[in-house]
Amino acid sequence: MAGAGQGRSAGRTTRRRFLAGSAAAGAGLLWSPVFQLKAAEGASGAPPGFPAGISLYRQAFENWALEIIVDDLWTCAPRTADDVVRLANWAHKAGWRLRPRGHMHGWSPFTVRPGLPGQDRTVLVDTTSHLTGITMASSSPAAVRAQAGASLDDMLDVIAQHGHGLAATPAVGSVTLGGMLAIDAHGASLPAHGEHRAAGHTYGSLSNLVLSIDAVVWDRKHKRYKVRTFHRDHPDCKALLVNLGRVFITEATLRVGPAQTMRCVSSVDIPNGRLFAPPGGHGPDRFADFVEETGRVEAILFPHTDSPWLKVWSLAPKKPKSARVVTGPYNYPFSDSVPPEVTNPAGRIVAGDSWMTPEFGRVMYTVAAGGLAATNSADIWGAANDVTRYIRATTLRYCELGFTVITERRRVQQVLSAFFDMVDGLVGEFEERGLYPLNGPIELRCCGLDHPADSGAEGAESPVLSAVRPHPDHPEWNTAIWLNTLTFAGTPGAPEFLRRIEQWVFRTQNGNKGIVRPEWSKGWAYSGTSTWADRRMLRHVIPNAYRAGRGPDDDWDWAVKTFDRLDPHRVFTNAFMDHLLR
């Protein structure tokens, strides 16, 4: 990715990172409410015998990246878990399907996918209207109980009011608990050198903190669906902890730890060549060095720039003198409300002027660098839950490739250096063909793995389908390296470009030094023309990543059979999931 008068570099800004102004909004780049049409106004094809007393309407569905858009779908808003049970038993008898729907801040087609059969007999179940209750389940040990539609923002607020928190969370708070448990939501947290984990915290996914899950499942004795509680030591629970939406979760209890305070130092002046230098030598400012020092690092590489936006978080019980105190989340307003200098080229790129990509990347970098200085945000300190949440849902909407490499911590620099060089060369190759497939940033970070003991629950096991589940044969593989690449939907050459990246990651990082798994919420299985479409990836490569080193009661096939046993009538599925989970 050639910088202005400089060498090529990789670039990446989180999909969520920028609130688009007028030009980008006109291009459809902003997250916005979709229409709602009451059933009485358009009842043609309405679900027959739909349960009384549950609000039913037609509503458009749009996933975060605008890759998945369905103009109108039957949608309902149950008020209680009993309503969900009524819906499940109705759907079973009527031959319809139900798909849980949260805030739609996701990418994968686990809810719906245009063009696949069965959507005319599917009802989306909106969990965000009423299934949003949150309470503290206990104080010693501390645990929070929340319904499936509760947002991360609201959960963290309740937890904080009781003096507790989470050690690592997703950067965006507008995601539901049900959604997070479907796709093993995670943060960017590893222990710093010499750091000891505090009780109630984990460096892995939020699924690893679950103590119990309530799910709507089939009761073979009574021949009907009902709500059943699965505690962490129940064998089936390890399939529900990361369930891809194949089972309907109504409520869950999660362990939480003591509130922590954290510092975040941002920099925009470390050259890519230093940050992602090959391992070896003693050069300063390598990504792995920051990981060793604080454990919590993220690099956002903007296209056609030479230095990323680097965030380095660290535990800080006392406020450092140079830091500014923050008392809430989302402390980078310049990334939530971007000026026309960014939104105008973004709109033009989406409209077809992909040649503007170099300018767009440089402007994004300038806005980030200038915004950090103008808002005094380069060094902030506050509650960890506030400092680690920094992306609002009112931002530019990118498609996003996502994978994790599970490997040894000492290989972090090697993996990221090789990935940077590969993407850099690939961008140059495509530009020689007149293509600019990468108009969003690249985001790189690390986290820990799902060690079940972190939950404190006796007999707990690790989530079977978690991307950050430890490999049983390789305890030395103790680190997850997340590789994310962003671009606008419809960008010429992007599917081929992202497929090349995916193929490289699986070809070079799988083997005796690590294992690659998809980030469930993102894009994967690229065919060269579309996402989630490569047959070999869907049928063999990805399932095998959850079979390696596993026994017959702990692998991909066992999880699929468990889902089928808990929902034998396939009420909670869709055609894409039927193809993947087989």
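Any value given below was found using the heavy atoms of this structure, including those in side chains, with hydrogens, waters and symmetry copies removed. Fair warning: this is a prediction, and the values are worked out from it, not measured in the lab.
Centroid-to-centroid, the aromatic rings of Phe506 and Phe403 come within less than 6.0 Å.
In this structure Lys226 satisfies the side-chain hydrogen bond (donor to acceptor under 3.5 Å, both in side chains) test together with Asp219, sequence neighbours excluded. For Asp553, the side chain to side chain contact (heavy atoms under 4.5 Å, CB included) partners two or more places apart in sequence, or in a different chain, are Trp558. Take Asn89 and apply the side chain to side chain contact (heavy atoms under 4.5 Å, CB included) test, not counting sequence neighbours, and it matches Val85, Arg224, Tyr225. Looking at residues two or more places apart in sequence or on another chain, you find a ring pair (Phe, Tyr, Trp, His ring centres under 6.0 Å) between Trp482 and His186. Legend: residues meeting side chain to side chain contact (heavy atoms under 4.5 Å, CB included) with Ala167, ordered by chain and number and at least two apart, are His201, Gln260. In this structure, the side-chain hydrogen bond (donor to acceptor under 3.5 Å, both in side chains) partners of Ser530, at least two apart in sequence or on a different chain, are Ser527. In terms of the ring pair (Phe, Tyr, Trp, His ring centres under 6.0 Å) criterion, Tyr330 has no residue partners (sequence neighbours excluded). Under the rule for a side chain to side chain contact (heavy atoms under 4.5 Å, CB included), the partners of Thr491 that lie at least two apart in sequence or sit in another chain are Asn439, Thr487, Phe488, Ala494. Take Asp454 and apply the side-chain hydrogen bond (donor to acceptor under 3.5 Å, both in side chains) test, not counting sequence neighbours, and it matches Arg197, Thr202.
Listed by first and then second residue, the side-chain hydrogen bond (donor to acceptor under 3.5 Å, both in side chains) pairs that reach into residues 230-243 are Asn208-Arg232, Arg228-His234, Asp236-Arg565, Lys238-Glu461, Lys238-Asp554, sequence neighbours excluded. Listed by first and then second residue, the salt bridge (Lys or Arg N to Asp or Glu O under 4.0 Å) pairs involving residues 111-128 are Arg101-Asp126 (not counting sequence neighbours). Residue pairs that meet the salt bridge (Lys or Arg N to Asp or Glu O under 4.0 Å) test with at least one member in residues 84-97, sequence neighbours left out, are Asp83-Arg86, Arg97-Asp578.
Between Arg389 and Asp386 there is a salt bridge, with a side-chain nitrogen of the basic residue lying less than 4.0 Å from a carboxylate oxygen of the acidic one.
For the pair Trp74 (side chain) and Gln119 (backbone), a donor-acceptor distance under 3.5 Å is absent. Side-chain atoms of Arg499 come within 3.5 Å of backbone atoms of Tyr526 as a donor-acceptor pair (strictly under, hydrogens ignored).
Between Trp90 and Trp96, the ring planes are tilted. Angles from 30° to 60° get that label.
No hydrogens or angles considered: nothing links the side chains of Asp184 and Ser207 as a donor-acceptor pair under 3.5 Å.
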